[in-house]
Number of protein chains: 2
Amino acid sequence: MSTSLRRHGPSKGDLKQEAILDTAERLLAVKPLAEIGIEELAAGAAISRSSFYFYFESKQAMLRALVARVSDVLHAEVDSWRRDGDARQEIRRGIQAAARMWREHGAVLHATRSVEASQEIKEFVAGRTSRLVEVAVAIIDKTRADGLAPAGPPSAEALGAMLVEMTEHCLAMAHARNPTTIDDELVDTLVTVWTRGIFAADGSRTSE
Amino acid sequence: MSTSLRRHGPSKGDLKQEAILDTAERLLAVKPLAEIGIEELAAGAAISRSSFYFYFESKQAMLRALVARVSDVLHAEVDSWRRDGDARQEIRRGIQAAARMWREHGAVLHATRSVEASQEIKEFVAGRTSRLVEVAVAIIDKTRADGLAPAGPPSAEALGAMLVEMTEHCLAMAHARNPTTIDDELVDTLVTVWTRGIFAADGSRTSE
DNA sequence: GAGTTTTCTCGACACCTTGTCGAGAAAAGG
DNA sequence: CCTTTTCTCGACAAGGTGTCGAGAAAACTC
């Protein structure tokens, strides 16, 4: 119900709502959602704890709004992967986009991976992941159709899902180790495993 | 402090302690730790909520004991990976052992991956993971030294860490989807990605 | 098997956090 | 100004955690 209580117009209350989300994103960089009290979120927006409930039903609802805010940026990222013909280029760009995402909004993405996240959030994240898997599957199918990569098994679906999950998890782990820096080496290693996993070979870009 | 309060002798109280852990493992298969009240754990061992605190400092301490109990089984698994010369055999066995681990104690392993798990548990899990990475690195180094696999980059450490993390995460995801069944197809796909990631090729076992 | 010590149990309490309610202040709009 | 909507907060109830001390139950000693 988060925003539906509030009618319309970009007014003073909207700023408070944004302030709550800003505070949440800032605090999530420091500690998990479970350790963030509603008191803290309210204090960050200079309102009382009770007033928090005017803007959000609960902490979970607030996280949902926060994820929605980040997902707008994310969808733009996904769409920026223009197909340019070379599968390795697409893979590298995709991984780089994901790495950038984690650098900029790692705290929020990290919170969505929590076991205690609500069902709704998990479904949202699963949907986002399956979109990425679809893109990966399309790439794999294309390279196989062109005779550049060996046919399955594994199926393009199983392989694509695994590579996407590997990427997300490795970025999450890297973020957990050091939130500010995500190695270029990590990106390179991911690209290598993707390439070898799909082509069963280190291809230099011979098709160019 | 969990056990240190209790002196010695395998007595009645020990059974209660085990009963608490059994109850916890059973409940973890159904819902996350955060949703399990101490009341429930105590009820499972037929004691009052207060009495729970005689056995464990807190829910986190209880989880720690539960993880320790499972880790005994796990260490035995790791040691069962006898080196038999063929890297692909070792890889397949290791992955199968991990899959079996998840089938039998997936609920506990899942709980340790939670964001809200205590620092101590995270360190324990990190230690376990790094042991597995060491084994993977040893395998990679050996195949590279034998000229069967191309040298880095990626370094054996980066590649091994990534493959181990991929495996753990994919098993965890599969467990989350359906706790009772972990696909053979998943194991096959994991083996393929390991093989291609290390050898940069689908090797039939030519060295045999 | 009585006395002593250790182990174990529980009710009562203090504390913290979440979420609701209704009274009303502050802004917006006529 | 008066009305409506937006926004704020103190007070309350509910539910969970963890502590304490009194004492029951078991174990151990002689």
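So that the names make sense, note that chain A is the first sequence line, chain B the second, and so on, each numbered from 1.
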**Length of the CD-C1' vector between A:E35 and D:dT17, whole Å** = 15 Å
**Message:** I'd like to know if the side chain of B:T189 and the backbone of B:E185 have a donor-acceptor N/O pair within less than 3.5 Å.
**Reply:** yes
**Message:** Just the rounded figure in Å: distance from C1' of D:dG16 to NZ of B:K31.
**Reply:** 13 Å
**Message:** We want to know whether B:T180 and B:N178 form a side-chain donor-acceptor pair, criterion being a heavy-atom distance below 3.5 angstrom.
**Reply:** yes
**Asked** Given D:dT8, is OP1 or OP2 found less than 4.0 Å from the side-chain N or O atoms of A:K16?
**Response** yes
**Request:** Decide, yes or no, whether a salt bridge links B:K31 with B:E40 under the criterion of side-chain N to carboxylate O below 4.0 Å.
**Result:** yes
**Request:** Please report, rounded to the nearest Å, how far the P atom of D:dT17 is from the CG atom of B:L33.
**Result:** 10 Å
**Complete:** Whole-Å distance, B:F54 CZ to D:dA22 P, equals 17 Å
**Prompt:** Taking CG from A:D14 and P from C:dA27, how many angstroms apart are they, rounded to a whole number?
**Reply:** 15 Å
**Request:** Using salt bridge (Lys or Arg N to Asp or Glu O under 4.0 Å) as the criterion, list what pairs up with A:D188, not counting sequence neighbours.
**Result:** A:R92
**Request:** Choose from C:dC8, C:dC10, D:dC9 the nucleotide whose nearest atom is closest to any side-chain atom of B:I47.
**Result:** C:dC10
**Flag side-chain contact, heavy atom, 4.5 Å: A:V135 against A:E90** = no
**Message:** For nucleotides 16-21 of chain C, give me one character per nucleotide, 5' to 3': B if any protein heavy atom sits under 4.0 Å from the base, S if the only such contacts are to the sugar-phosphate, - if neither.
**Reply:** --BBB-
Anything under 3.5 Å between a donor and an acceptor, one on a side chain of residues 157-174 of chain A, the other on a protein residue two or more places apart or in another chain? List them.
residue : atom : partner : partner atom : Å
A:T167  : OG1  : A:L163  : O            : 2.7
A:T167  : OG1  : A:W194  : NE1          : 2.8
A:E168  : OE1  : A:T129  : OG1          : 3.4
A:E168  : OE2  : A:T129  : OG1          : 3.2
A:H169  : ND1  : B:E165  : O            : 3.4

**Asked** According to a strict under-4.0 Å criterion, is A:S51 in side-chain N/O contact with OP1 or OP2 of D:dC9?
**Response** yes
